[in-house]
Amino acid sequence: MGFFNSLKRQVLAKEAVPRRTGRPQTVAKENELESSISKGNNAEIVVYEDLDSSWDDVPYIDLDLKLTAEEIHYRETSKIFKIKKFLWDGTGRHPLEQRYLLKLDFFLLSSSCLGYFIKNLNQSNITTAFVNGMEEYYTMNHNQYNYMTTLFTVGYIIGQIPSNLILHRLSARFYLGSLEVLWSLLTVLMITCGKDNIKGIYAIRFFLGFLESGYFPGLEWLLGSNYSTAELSKRSAFFAVAGNLSGIISGPLQQAILQRFGKSSLPPFKWMFVFDAVISFPIAIYTMFVDPNTPSTTDAWYFSEQDKLVGLERRRRIGAELTTRTPYTWAKIKSFFNTWHIYVFPLLFLAYNNTCAANSQPTFQTWMKITLKEPSHVYNTYTSIVAAVGIVLTVIFAYVNDFLGGRKNVFFVAGYFICLIIGCASLSYWDIPRGWHWFSYFLIGSPTSWGQPFIFSWVNRLLFANDMKRSFVVVITNTLAYVTGAWVPILTWNTADKPRYFIGFTYTACLAAFGLVMTAIAYYLTKRDERLAKQAQEEQASLQSEESTSIRANNEKIYSTDI
């Protein structure tokens with residue numbers, strides 16, 4: 001019974017935010033804290049008095065730095081220090097926070113990036129398989145490819161909100177890891193569908209979409225639950241880059257399979273599904289072992305009691321909501337619709353996500369295969385160059401954004417849509433020089449890497465003070481994009497139009513223009529809210545100053561009367 005009770009506690013991952021009942025009198029010194037922990041004591045970090053007070057300024061643990069004048073001068077003038085700070089934002093922080101951030105970066109980012117990589121590899125392997133034998137194997141001479149992607153998307157839409165509700169009640173590491181195990185098993189099942197059983201592929205793709213639906217929004221929510229504004233862009237970028245790595249690996253992996261299993265009784269494209277599953281399973285186990293959950297629910301084996309308090313203190317310092325297990329109520333859900341975020345960001349991400357189809361559809365591959373008559377090793381590997389360029393740009397942009405304070409998302413999101421407008425408009429016209437043709441495919445392919453992280457880090461940055469609303473907006477933002485993505489490709493990206501896709505490129509150029517407008521609206525409303533918040537703070541400070549002056553004047557009057 002002890003084992004099952006322990007397992008139940010880990011799966012449920014109940015919140016463990018220390019209760020505070022009074023104003024802090026002192027904060028324990030670091031050496032006293034470590035000594036207490038090393039002796040196995042239940043160390044109290046804060047000594048309390050039973051006094052009424054607001055707890056906004058009460059630290060869980062002291063992370064203030066006591067810098068000498070020489071250290072301050074070094075930080076302000078040293079180029080080496082600034083380079084280190086640019087490369088890793090933990091540089092220059094309190095040693096306790098540095099240790100915590102190192103652990104968080106290694107374990108959360110490694111499990112998130114690996115998981116997102118295999119998710120995207122599973123999702124993109126259909127495109128790779130389509131141009132490497134699946135089309136001929138199943139005689140896909142109509143819209144069968146789009147039916148596969150549409151059924152995946154339908155499952156993805158249906159599963160997102162239920163998955164979000166489950167994630168708020170279960171440990172993220174167990175829940176997300178279980179999803180990975182299940183979709184790796186379904187991927188293996190795809191090899192059992194024979195030539196006359198393409199409907200079996202349809203069914204499996206639906207359930208794959210259902211199971212994968214909770215993974216991306218769940219991880220975006222986790223990143224926003226663990227990192228601050230100035231830390232979030234680069235972590236979201238690493239997460240997105242991991243997904244784009246699947247685009248680099250998928251083609252070359254299929255080419256290697258073609259060469260190795262070309263004479264196998266099992267069609268080479270089906271070996272792709274086998275390899276996907278083989279890669280997925282160990283990553284699922286790793287996720288269950290190392291994912292840290294949120295700072296208020298973490299039970300990670302690599303976090304000490306001191307580390308857990310550092311995590312809570314980091315969230316308190318930025319004004320984030322610490323509790324992540326508040327129950328959903330209709331009143332709470334209705335309150336999510338009282339601000340602009342839930343109306344603007346879903347439309348903005350819809351424009352981003354749906355314009356990515358210009359790259360995710362086999363547009364570049366079919367142009368090289370049909371128009372240029374290139375062999376398989378060319379059209380299977382050249383797409384990787386497009387993805388690699390996007391990855392490099394994404395990482396550079398993310399570091400620059402975080403270095404500047406993490407608030408320049410608008411420029412990178414707008415840059416994405418401008419690239420798509422130019423590239424898709426050019427390919428829609430089609431009769432362009434071959435060199436511009438190549439460049440246009442890079443314009444519609446490489447930017448897809450950076451659009452997603454800059455949109456979702458924008459959402460996480462604005463809504464950190466309301467955890468449930470942040471989670472809800474992330475899910476709705478992601479869901480709406482797939483609602484249109486479920487059926488629009490059937491109308492706009494008909495495979496009978498390959499390689500030109502006039503309708504698809506024209507539609508995408510117009511949608512990118514709409515996305516640029518929504519980016520401008522989101523930026524305007526963000527700046528408006530910041531301006532109003534600043535005015536409110538100034539008014540509050542002014543009132544407090546007037547009250548202080550009034551109290552001081554009354555005290556002086558009383559004092560003079562007594563004399």
Side-chain angles (χ1 to χ4, degrees), residues 12-15 17 104 108 111-112 115-116 119 156-176 179 212-229 231-232 235-236 239-240 287 291-298 311-312 314-316 318-350 353 409 452-483 522:
L12 294 178
K14 294 183 178 179
E15 287 188 309
V17 179
L104 186 66
L108 177 56
S111 60
S112 299
Y116 196 51
K119 175 194 176 297
Y156 200 91
I157 294 168
I158 294 173
Q160 283 204 48
I161 293 178
S163 181
N164 174 259
L165 296 174
I166 294 172
L167 186 59
H168 270 74
R169 290 294 171 263
L170 298 180
S171 165
R173 64 190 181 99
F174 284 108
Y175 179 63
L176 297 177
L179 291 180
E212 292 184 22
S213 63
Y215 200 81
F216 170 74
L219 283 179
E220 280 290 356
W221 170 72
L222 272 181
L223 291 176
S225 298
N226 282 280
Y227 292 107
S228 66
T229 296
E231 301 167 342
L232 197 53
R235 273 78 179 187
S236 292
F239 176 46
T287 298
D291 191 289
N293 296 334
T294 66
S296 64
T297 62
T298 185
L312 293 171
R314 279 165 45 85
R315 301 302 289 169
R316 184 200 68 82
I318 65 172
E321 185 177 12
L322 294 176
T323 55
T324 58
R325 291 294 173 83
T326 307
Y328 275 102
T329 62
W330 280 114
K332 190 80 172 177
I333 293 174
K334 288 179 182 178
S335 70
F336 300 160
F337 293 86
N338 293 336
T339 59
W340 60 269
H341 309 89
I342 204 164
Y343 303 103
V344 175
F345 281 118
L347 292 175
L348 174 58
F349 187 69
L350 180 151
N353 182 274
N409 305 60
Q452 172 187 299
F454 281 104
I455 291 173
F456 278 100
S457 62
W458 197 350
V459 175
N460 277 314
R461 171 167 67 86
L462 296 183
L463 300 177
F464 64 85
N466 189 332
D467 183 81
M468 186 174 289
K469 181 177 182 178
R470 178 170 59 86
S471 173
F472 191 81
V473 172
V474 165
V475 171
I476 297 300
T477 297
N478 198 47
T479 301
L480 183 62
Y482 284 89
V483 169

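- Closest approach of P292 and T298 over heavy atoms only: O-OG1, 2.8 Å.
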- Carefully, step by step, assess W340 and L462 under the rule side-chain contact (heavy atoms from CB on, under 4.5 Å). CA-CA 11 Å; W340 60 269; L462 296 183; 3.8 Å; yes
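- With sequence neighbours excluded, the residues forming a side-chain contact (heavy atoms from CB on, under 4.5 Å) with L167 are A172, Y175, W221, listed by chain and number.
- Closest of all the heavy-atom pairs between N164 and S471 is ND2-OG, 2.6 Å.
- A 4.5 Å side-chain heavy-atom check between I455 and W458 finds every atom pair outside the cut-off.
- Between the side chain of N460 and the backbone N or O of E220, at least one donor-acceptor pair lies under 3.5 Å.
- For the pair R314 and E231, the salt-bridge criterion is met [side-chain N within less than 4.0 Å of a carboxylate O].
- Taken from CG in L219 to OG in S112, the straight-line distance is 4.5 Å, to the nearest 0.5 Å.
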- Could you walk me through whether M468 and I333 pass side-chain contact (heavy atoms from CB on, under 4.5 Å), step by step? CA-CA 9 Å; M468 186 174 289; I333 293 174; over 6 Å; no
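- Checked by atom type and distance alone, the side chain of S335 pairs as donor or acceptor with a backbone atom of K332 at under 3.5 Å.
- Under a 3.5 Å cut-off, the side chain of T297 and the backbone N or O of T294 do form a donor-acceptor pair.
- Note that CG of L176 is 10.0 Å distant from CG of L170, once rounded to the nearest 0.5 Å.
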- Before giving the answer on side-chain contact (heavy atoms from CB on, under 4.5 Å), spell out for L463 and V459 the whole-Å C-alpha distance, their side-chain angles and the decisive distance to 0.1 Å. CA-CA 6 Å; L463 300 177; V459 175; 4.1 Å; yes
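- Between L108 atom CG and F239 atom CZ the span is 9.5 Å, to the nearest 0.5 Å.
- For R470, the salt bridge (Lys or Arg N to Asp or Glu O under 4.0 Å) test picks out D467, with sequence neighbours left out.
- For the pair I476 and I161, the minimum side-chain heavy-atom distance is below 4.5 Å.
- For F456 and F349, the gap between ring centers is short of 6.0 Å.
- A search for ring-ring contact (aromatic ring centres under 6.0 Å, His included) contacts involving Y227 returns nothing, not counting sequence neighbours.
- The closest side-chain donor-acceptor pair between S171 and N293 falls under 3.5 angstrom.
- Not counting sequence neighbours, E321 has no partner by the salt bridge (Lys or Arg N to Asp or Glu O under 4.0 Å) test.
- Taking the six-membered ring for Trp and thresholds of 30 and 60 degrees, F472 and F336 have ring planes inclined between 30 and 60 degrees apart.
- With rounding to the nearest 0.5 angstrom, the CG atom of N226 is 10.5 Å from the CZ atom of R235.
- Residues V483 and L350 have side chains not in contact (no heavy-atom distance under 4.5 Å, counting atoms from C-beta outward).
- The minimum heavy-atom distance linking S225 with P295 is given by the pair O-CD, 3.2 Å.
- Once rounded to the nearest 0.5 Å, the distance linking CG of L348 with NE2 of H341 reads 12.5 Å.
- For an aromatic pair to be called close, the ring centres must be under 6.0 Å apart, and Y116 with Y215 fails this.
- Partners of R461 under the salt bridge (Lys or Arg N to Asp or Glu O under 4.0 Å) rule, at least two apart in sequence or in another chain, are E530.
- Qualifying salt bridge (Lys or Arg N to Asp or Glu O under 4.0 Å) partners for D291, counting only residues two or more places apart in sequence or in other chains: none.
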- Task: Step by step, work out the side-chain contact (heavy atoms from CB on, under 4.5 Å) result for N409 and S457.
- Result: CA-CA 8 Å; N409 305 60; S457 62; 2.8 Å; yes
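- A donor-acceptor contact shorter than 3.5 Å is absent between the side chain of S163 and the backbone of S213.
- Nearest heavy-atom pair, Q160 versus V475, reported as atom, atom and distance to 0.1 Å: OE1-O, 3.5 Å.
- Counting heavy atoms from C-beta outward, N478 and Y156 have side chains that approach closer than 4.5 Å.
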